[in-house]
Amino acid sequence: MSLVKLTIKGISYSQTQNGAYALILNEVDGDRKLPIVIGAFEAQSIAIALEKDIKPPRPLTHDLFKSFSDRFDITVKQVIIHKLVDGVFYSSIICERDKIEEIIDARTSDAIALALRFSAPIFTYKNILDKAGIYLSGNPLALVDEDNDILANPQTFKKEHDDLQDSSPYSHYSLPELNQQLIVAVQDEDYEKAAKIRDEISKR
């Protein structure tokens with residue numbers, strides 16, 4: 001079975017499951033998207049890895065795994081989403097140490113969070129993309145209502161909708177005030193708030 005390379009298009013609130021998020025993966029050499037429902041913690045971890053300007057004061061679980069792996073010369077070579085059963089995606093992490101490869105079973109959300117930290121490519125099999133991939137016209141994050149905030153964007157971490165940007169609750173703050181609030185939000189580990197403040201700073 002042939003492998004298809006994927007990139008992360010974005011993360012949004014899930015319309016189908018309360019308290020969950022939709023991770024949108026994009027086919028590199030095509031137009032299909034692969035939406036995967038993930039938990040809030042994993043969404044936060046992926047968002048932080050995508051947004052380089054937000055640094056948590058203490059390592060998150062996936063950051064700890066990266067530090068542990070670096071210390072013992074373990075490298076994540078790639079992540080493969082290899083199975084889809086009853087709407088659940090199964091993934092494998094391909095690791096290497098001393099030129100010996102090991103395959104580790106993992107939840108897809110954890111595997112992708114680690115792939116980002118190791119700059120490892122993400123793949124799936126063509127038959128999985130044929131089965132679960134979808135075509136979306138325009139903005140793929142239009143899967144969500146405009147009332148729902150976009151948590152992450154791999155390019156600028158900005159909201160995709162101008163109307164959401166214009167109604168930012170932070171638009172009346174000065175830049176020094178925004179920078180101070182950003183520091184406090186990161187210290188409090190309120191990364192969603194930090195992302196919104198960062199959006200407003202970037203817009204300025």
Side-chain angles (χ1 to χ4, degrees), residues 1-14 16-17 20-52 54 59-70 73-97 100-136 139-141 143-144 150-157 160 191 195:
M1 291 183 289
S2 59
L3 288 172
V4 179
K5 190 174 183 180
L6 303 170
T7 58
I8 297 175
K9 187 66 178 178
I11 304 174
S12 71
Y13 290 115
S14 172
T16 58
Q17 297 188 27
Y21 293 82
L23 171 65
I24 311 297
L25 301 177
N26 190 71
E27 182 183 15
V28 169
D29 296 321
D31 298 322
R32 287 177 293 183
K33 319 297 177 189
L34 190 65
I36 300 174
V37 176
I38 63 175
F41 172 79
E42 292 76 18
Q44 174 182 278
S45 183
I46 291 170
I48 289 172
L50 291 169
E51 176 51 63
K52 305 301 182 183
I54 296 179
L60 300 179
T61 302
H62 299 108
D63 298 319
L64 176 61
F65 187 94
K66 175 65 164 60
S67 299
F68 181 91
S69 300
D70 289 343
D73 296 322
I74 301 169
T75 303
V76 171
K77 305 295 290 184
Q78 62 183 10
V79 163
I80 300 176
I81 303 170
H82 63 84
K83 186 168 65 173
L84 174 61
V85 179
D86 296 330
V88 178
F89 292 88
Y90 293 78
S91 293
S92 296
I93 301 173
I94 313 301
C95 303
E96 183 180 87
R97 182 172 184 265
I100 299 174
E101 278 195 357
E102 298 285 350
I103 301 175
I104 299 175
D105 182 42
R107 295 186 305 171
T108 297
S109 54
D110 289 328
I112 290 175
L114 291 174
L116 285 169
R117 285 161 172 80
F118 284 90
S119 299
I122 303 166
F123 296 94
T124 191
Y125 289 111
K126 184 179 181 297
N127 65 322
I128 292 178
L129 197 57
D130 290 341
K131 182 178 180 181
I134 57 176
Y135 289 95
L136 296 174
N139 174 17
L141 294 176
L143 278 171
V144 297
I150 291 170
L151 177 65
N153 180 285
Q155 299 299 323
T156 61
F157 212 64
E160 293 286 328
Y191 301 116

Quiz prompt | Flag side-chain contact, heavy atom, 4.5 Å: L3 against Y125 | solution = yes

Quiz prompt | A115 to I122 - nearest heavy-atom pair and separation | solution = CB-CG1, 3.9 Å

Quiz item: Just by distance, do the side chain of S69 and the backbone of F65 share a donor-acceptor pair under 3.5 Å?
Solution: yes

Self-check item: K77 NZ to I103 CD1 distance, which is reported to the nearest 0.5 Å
Solution: 14.0 Å

Practice problem: Say whether, by atom type as modelled, one donor and one acceptor occur between the side chain of S109 and the main chain of E42 under 3.5 angstrom. | Solution: no

Quiz item: Is any side-chain heavy atom of I38 less than 4.5 Å from a side-chain heavy atom of T108?
Solution: no

Self-check item: Which atom of I93 lies closest to which atom of A106, heavy atoms considered
Solution: CD1-CB, 3.7 Å

Quiz prompt | Side chain proximity check, E27 to Y135, heavy atoms < 4.5 angstrom | solution = no

Quiz item: Between C95 and I104, is a side chain to side chain contact (heavy atoms under 4.5 Å, CB included) present by the stated rule, with each step listed?
Solution: CA-CA 8 Å; C95 303; I104 299 175; 3.8 Å; yes

Exercise. Show the numbers, then the answer: is there a side chain to side chain contact (heavy atoms under 4.5 Å, CB included) between I8 and L116?
Key: CA-CA 10 Å; I8 297 175; L116 285 169; 3.6 Å; yes

Exercise. For T124 and I81, indicate whether the former's side chain and the latter's backbone hold a donor-acceptor pair under 3.5 Å.
Key: yes

Practice problem: Apply side chain to side chain contact (heavy atoms under 4.5 Å, CB included) to H62 and I46, showing your working. | Solution: CA-CA 9 Å; H62 299 108; I46 291 170; over 6 Å; no

Self-check item: salt bridge (Lys or Arg N to Asp or Glu O under 4.0 Å) pairs, two or more places apart, involving residues 112-121
Solution: D63-R117

Quiz item: Given the rule in the side chain to side chain contact (heavy atoms under 4.5 Å, CB included) test, do V28 and F123 qualify, once you have shown the distances and angles that lead to the verdict?
Solution: CA-CA 10 Å; V28 169; F123 296 94; over 6 Å; no

Self-check item: Rounded distance (nearest 0.5 Å) linking atom CD of E96 with atom CG of D73
Solution: 11.0 Å

Quiz item: So do V79 and L114 actually touch side chain to side chain, heavy atoms under 4.5 Å?
Solution: no

Quiz item: So, do I134 and P35 sit near enough that their side-chain heavy atoms are less than 4.5 Å apart?
Solution: yes

Quiz item: Could you give the distance from NZ (K9) to CG (N26), rounded to the nearest 0.5 Å?
Solution: 5.5 Å

Self-check item: Spacing of K33 atom NZ and L23 atom CG [to the nearest 0.5 Å]
Solution: 12.5 Å

Quiz item: Once you round to the nearest 0.5 Å, how far does CG of D105 lie from CG of D110?
Solution: 10.5 Å

Quiz item: Which atom names give the shortest non-hydrogen contact between V4 and K126, and what distance separates them?
Solution: CG2-CA, 3.9 Å

Quiz prompt | Residue pair E101 / I94, side-chain heavy-atom distance below 4.5 Å | solution = yes

Practice problem: State, to 0.1 Å, how close L60 and S45 come at their nearest heavy-atom pair, and which atoms those are. | Solution: CD1-CA, 4.3 Å

Self-check item: Distance (rounded to the nearest 0.5 Å) between T75 OG1 and Q78 CD
Solution: 13.0 Å

Quiz prompt | Aromatic plane relationship, Y90 with H82 - under 30° parallel, 30 to 60° tilted, over 60° perpendicular | solution = tilted

